[in-house]
Amino acid sequence: MSGKNVTEVRLADAEGIAEAARILESGGLVAVPTETVYGLAARADSAEAVAKIYTAKGRPDFNPLIVHVRGVEQARELAELPHQADVIADLVWPAPLTMVVPLRPGANLAPAVTAGLPTVALRSPNHPVMQALLAACPFPLAAPSANRSGFVSPTSAAHVLATLDGRIDLVLDDGRPCAEGLESTIVAIRTDGSWEELRPGPINLDALHQHYWDEPYPRAGRGERSRIEAPGQLASHYAPGKPLRLNAEWAEPDEFLIGFGAVEGDVTLSAGGNLDEAASRLYAALHEAARAPEPRIAVAPVPEKGVGRAINDRLRRAAA
Ligand code: AMP
Ligand code: MG
């Protein structure tokens with residue numbers, strides 16, 4: 001708990017953002033809209049504030065947090081950016097792209113943020129509210145998704161309250177669902193120039209690398225990936241709390257069906273088969289399925305291309 005049992009909800013306007021900055025300054029927790037999902041922010045330079053994130057979420061403490069920054073200059077204060085990471089940060093941010101890079105020795109970050117690793121995960125979010133908040137704060141913000149650990153990620157203020165009401169100080173309500181709707185792509189970029197996708201997401205790494213370097217990205221060799229490098233990639237990370245059947249063309253009588261394209265469901269990710277639309281609606285559909293009377297959930301097949309890879313990654317975890 002962050003010392004209160006009432007969670008305030010405010011419109012994400014200038015006054016709301018100013019109040020959020022004050023709460024963060026004094027070490028509190030604020031849920032903030034981003035283009036991916038709502039984040040649960042705390043000042044990343046305070047061990048006490050960061051500890052509250054782990055407590056409020058019930059998050060295992062070996063699972064490090066993404067640090068949100070205004071842009072590349074603030075990133076350089078926290079990390080020794082490998083050349084390609086520096087180029088990408090400069091050109092691509094703000095974007096739903098997180099880079100895991102070497103931590104700068106002496107960087108002013110609470111050790112719990114990186115779970116004691118020699119690397120840090122950095123992202124500059126492409127959302128006016130989160131950017132305004134970062135501009136108002138003289139410190140970076142650690143922010144995982146604003147949900148109890150193991151539950152479905154939130155794409156609306158109501159989703160945040162569903163699991164964190166009474167456990168955090170404030171929710172900034174953007175009044176509309178998060179545009180991307182899926183967590184950021186995470187890539188480790190090493191000093192030797194190798195890249196490794198740690199989590200698929202809205203940014204396609206092959207397309208990105210091809211665009212700037214005119215060739216597919218140099219993947220790290222097999223076996224180089226250490227167990228601690230993607231500690232948050234827990235199988236049950238996105239669970240809706242009911243059995244979930246994938247690649248369903250129809251619903252059994254006890255199933256709530258999430259449709260896609262030609263498969264009509266109780267709700268649909270995208271009737272027209274649009275993957276971007278499906279990504280933005282995925283978590284709202286899972287929240288609705290979790291609340292429905294049916295004891296089981298079925299989901300129509302989603303093609304394994306573009307952001308469909310990230311959708312299927314989250315669905316497989318939800319089914320695990
Ligand atoms: P989320 O739960 O959406 O906040 O995801 C954050 C994820 O970023 C974690 O679960 C880790 O998998 C990853 N991450 C954060 N920091 C690091 C790091 N230093 N090294 C590797 N992965 C990291
Ligand atoms: Mg999460």
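Numbering starts at 1 and runs along the sequence shown.
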The single option from I53, L164, L170 that satisfies side chain to side chain contact (heavy atoms under 4.5 Å, CB included) with L29 is I53
**Message:** Can you see whether E196 engages Y217 through a side-chain donor-acceptor pair at a distance of less than 3.5 angstrom?
**Reply:** no
For A89 and V72 the tightest heavy-atom approach is CB-CG2, 3.7 Å
Side-chain ion pair, E277 and R281, N-O less than 4.0 Å: yes
_Under 3.5 Å, is there a donor on one side chain and an acceptor on the other for R167 and T55?_
no
Discussion item. Does the plane of the ring in W195 sit parallel, tilted or perpendicular to the ring in W213? Use 30° and 60° as the thresholds.
Written reply: perpendicular
_Looking only at side-chain N and O atoms, does D214 offer a donor or acceptor that is under 3.5 Å from a partner on H209?_
no
- prompt: Any salt bridge between D313 and R317, counting N to O under 4.0 Å?
  reply: yes
Sorted by chain and number, sequence neighbours left out, salt bridge (charged side-chain N to carboxylate O under 4.0 Å, His left out) with D266 holds for none
- Task: Assess the side chains of T36 and S184: does a donor N or O sit below 3.5 Å from an acceptor N or O?
- Result: no
Q) For Q131 and S124, does a side-chain donor sit closer than 3.5 Å to a side-chain acceptor? A) yes
* Is any NZ, NE, NH1 or NH2 atom of the basic residue among R70 and E77 found under 4.0 Å from an Asp or Glu carboxylate oxygen of the other? -> no
Is any side-chain heavy atom of L282 less than 4.5 Å from a side-chain heavy atom of I258?
no
**Asked** Does R219 come within less than 4.0 Å of D206, counting only side-chain N to carboxylate O?
**Response** yes
Are there over 12 heavy-atom neighbours, none belonging to Q210, within less than 6.0 Å of that residue's CD? yes
salt_bridge(E19, R10) N-O dist < 4.0 Å: yes
What one should report as the nearest heavy-atom pair of L133 and A21 is CD1-N, 3.7 Å
For P64 and L117, the nearest pair of non-hydrogen atoms, with its separation, is CG-CD1, 4.0 Å
On a heavy-atom basis, the closest approach of Y283 and G181 is CD1-O, 3.0 Å
TODO: Evaluate whether atom CZ of R76 has more than 12 neighbouring non-hydrogen atoms of other residues, nucleotides or ligands under 6.0 angstrom away.
DONE: yes
Less than 4.0 Å between a side-chain N and a carboxylate O, is that true for R176 and D174? yes
Note to self: Do the side chains of R123 and E183 get close enough for a salt bridge, i.e. N-O under 4.0 angstrom?
What the structure shows: no
Margin query: With a 6.0 Å cut-off (strictly less than), is the heavy-atom count around CD of E304, excluding the residue itself, greater than 12?
Written below: yes
